[in-house]
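Fair warning: this is a prediction, and the values are worked out from it, not measured in the lab. For reference, positions follow the sequence shown, starting with 1.
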Amino acid sequence: MELGLVGLGKMGGNMRERIRRAGHTVIGYDRNPDVADVHSLEELVGKLKGPRVVWVMVPAGAATQSTIDELAELLSPGDVVVDGGNSRWTDDEKHAVELGLKGIGFVDCGVSGGVWGLENGYALMYGGDAENVAKVQPIFDALKPEGEFGSVHAGRVGAGHFAKMVHNGIEYAMMQAYAEGWELLEKVDSVTDVREVFRSWQEGTVIRSWLLDLAVNALDEDEHLEQLRGYAQDSGEGRWTVEAAIDNAVPLPAITASLFARFASRQDDSPQMKMIAALRNQFGGHAVESKK
């Protein structure tokens, strides 16, 4: 099938390549002309045959809103817009109404896989009406990992981004646990090779995971994380997860504490946050702050 893809950054560019490898046609637009296939959204829409599917992969908030506003004026009834960025689920509900008034379908899709998704596939969580999801299904099938799992129609509009938000909240807590354990191991005199302790956990333990593998990768690159500043950003989903927990009276002590730990990292040079920063860089290519 044909797909219009808006946003060809770290994830969007690799997604375009994976979809093409599956035999589909992708027409990509980005503000960077060096990576774009067309020079405007209008040109992108004009090159697609109806019913069109346009996947938006730009930063949440104003950038996504302006892109959807422009597409609303360019697309036709029966077309579908997919928001694959990290938008808040409440924005999805608003976008679905705005596009629906023009007869344009909307699907929200949480995407996980980071810089590794091109080869490994992307875990996908999507929300929307079954009719609109069906129009995008060949692209979901191309992007997902091999095998039975890794893709789910999570529910109504907003469900995909809500599920991805909770996924990221869990990720916060898991990274925090690895980081705290790493700092404690580094602190004591009796443990002389912390990196190899972490490596030993990769097989046969109940805490083995892809995040643990990435922690070992980071330690192989910088054994004591001496080149990193102990500062870790948060991209929004952790805060939204905690806010949703408050709204629904669901206790999230581990996720909430991990979010607050990131806030604490901005006050001093936290050893734990060196590991958090290293993990975020490993799986998502997120920027790190080096020591001066």
Side-chain angles (χ1 to χ4, degrees), residues 10-12 14-15 18 55-61 64 82-93 107-118 120-128 133 136 139-140 143-179 206-215 232-248 250-262 275-286:
K10 286 181 293 189
M11 285 188 70
N14 282 344
M15 289 167 62
R18 186 172 175 88
W55 188 303
V56 179
M57 204 69 188
V58 301
T64 294
V82 182
D83 179 4
N86 281 327
S87 294
R88 190 182 174 102
W89 78 96
T90 49
D91 290 343
D92 297 326
E93 296 166 352
V107 174
D108 62 289
C109 183
V111 182
S112 181
V115 296
W116 301 83
L118 174 58
N120 297 343
Y122 298 88
L124 306 172
M125 297 142 270
Y126 37 92
V133 168
V136 192
I139 302 302
F140 292 147
L143 286 171
K144 70 178 288 293
E146 297 295 328
E148 182 180 357
F149 304 111
S151 177
V152 61
H153 185 182
R156 298 189 294 271
V157 164
H161 280 144
F162 195 94
K164 176 58 162 47
M165 177 194 75
V166 174
H167 164 281
N168 283 21
I170 293 169
E171 175 188 294
Y172 275 46
M174 290 176 66
M175 289 196 291
Q176 184 65 28
Y178 284 127
V206 297
I207 63 167
R208 64 188 185 275
S209 71
W210 187 37
L211 277 175
L212 178 61
D213 296 340
L214 295 175
Q233 272 290 2
D234 67 286
S235 53
E237 293 91 344
R239 299 187 190 208
W240 301 340
T241 304
V242 172
E243 291 170 2
I246 293 170
D247 291 342
N248 291 279
V250 175
L252 300 185
I255 292 174
T256 303
S258 68
L259 174 64
F260 282 20
R262 294 200 185 186
M275 177 59 78
I276 298 292
L279 283 168
R280 294 180 81 243
N281 178 257
Q282 285 286 324
F283 68 71
H286 299 288

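Checking side-chain atoms of His153 against main-chain N and O of Gly128 turns up a donor-acceptor pair under 3.5 Å. Side-chain N or O atoms of Asn248 include none that pairs as donor or acceptor with a backbone N or O of Val250 at under 3.5 Å. Within the 3.5 Å criterion, the main-chain N or O of Gly238 finds no donor-acceptor partner in the side chain of Asn168. Using modelled atom types, no side-chain atom of Lys10 and backbone atom of Val115 make a donor-acceptor pair closer than 3.5 Å.
Arg18 forms no cation-pi arrangement with Tyr122, by the criterion of a distance under 6.0 Å to the ring centre and an angle within 45° of the ring axis.
Heavy atoms only, all atoms of each residue included: Ala244 and Met165 are closest at CB-CE, 4.0 Å. For the pair Gly84 and Trp55, the tightest heavy-atom approach, listed with the atom from each and the gap, is CA-NE1, 3.5 Å. Across all non-hydrogen atoms, the minimal contact from Lys144 to Gly150 is CB-O, 4.2 Å. Minimum interatomic distance between Asp234 and Arg239 (heavy atoms only, all atoms of both residues): OD2-NE, 2.7 Å.
Atom CD1 of Ile255 and atom CD of Glu237 lie 12.5 Å apart (nearest 0.5 Å). Taken from CZ in Arg280 to CG in Leu214, the straight-line distance is 13.5 Å, to the nearest 0.5 Å. Rounding to the nearest 0.5 Å places CG of Asn120 at 11.0 Å from OG of Ser112. Atom CG of Leu279 sits about 6.5 Å away from atom CE of Met175, to the nearest 0.5 Å.
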Let me see the working for Asn14 and Trp116 under side chain to side chain contact (heavy atoms under 4.5 Å, CB included), right down to the final yes or no. CA-CA 9 Å; Asn14 282 344; Trp116 301 83; over 6 Å; no
Give the intermediate values and the outcome of side chain to side chain contact (heavy atoms under 4.5 Å, CB included) for residues Met15 and Leu118. CA-CA 6 Å; Met15 289 167 62; Leu118 174 58; over 6 Å; no
Step by step, would you call Glu171 with Gln176 a side chain to side chain contact (heavy atoms under 4.5 Å, CB included)? CA-CA 8 Å; Glu171 175 188 294; Gln176 184 65 28; over 6 Å; no
Do Ile276 and Arg262 pass the side chain to side chain contact (heavy atoms under 4.5 Å, CB included) test, and can you show the C-alpha distance, the side-chain angles, and the key distance before you say yes or no? CA-CA 9 Å; Ile276 298 292; Arg262 294 200 185 186; 3.8 Å; yes
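The closest side-chain donor-acceptor pair between Ser209 and Tyr178 falls under 3.5 angstrom. Inspection of the His161 and Asp92 side chains reveals an N or O donor paired with an N or O acceptor under 3.5 Å.
Not a single ring pair (Phe, Tyr, Trp, His ring centres under 6.0 Å) links Trp240 to another residue, sequence neighbours left out. Evaluation of the side-chain contact (heavy atoms from CB on, under 4.5 Å) rule for Ala60 yields Ser87 as partners, not counting sequence neighbours. Looking at residues two or more places apart in sequence or on another chain, you find a side-chain contact (heavy atoms from CB on, under 4.5 Å) between Ala159 and Ala154.
A salt bridge links Arg88 with Glu243: at least one charged nitrogen is closer than 4.0 Å to a carboxylate oxygen.
Using a 30° and 60° split on the angle between ring planes, Phe140 and Tyr126 fall in the parallel class, below 30°.
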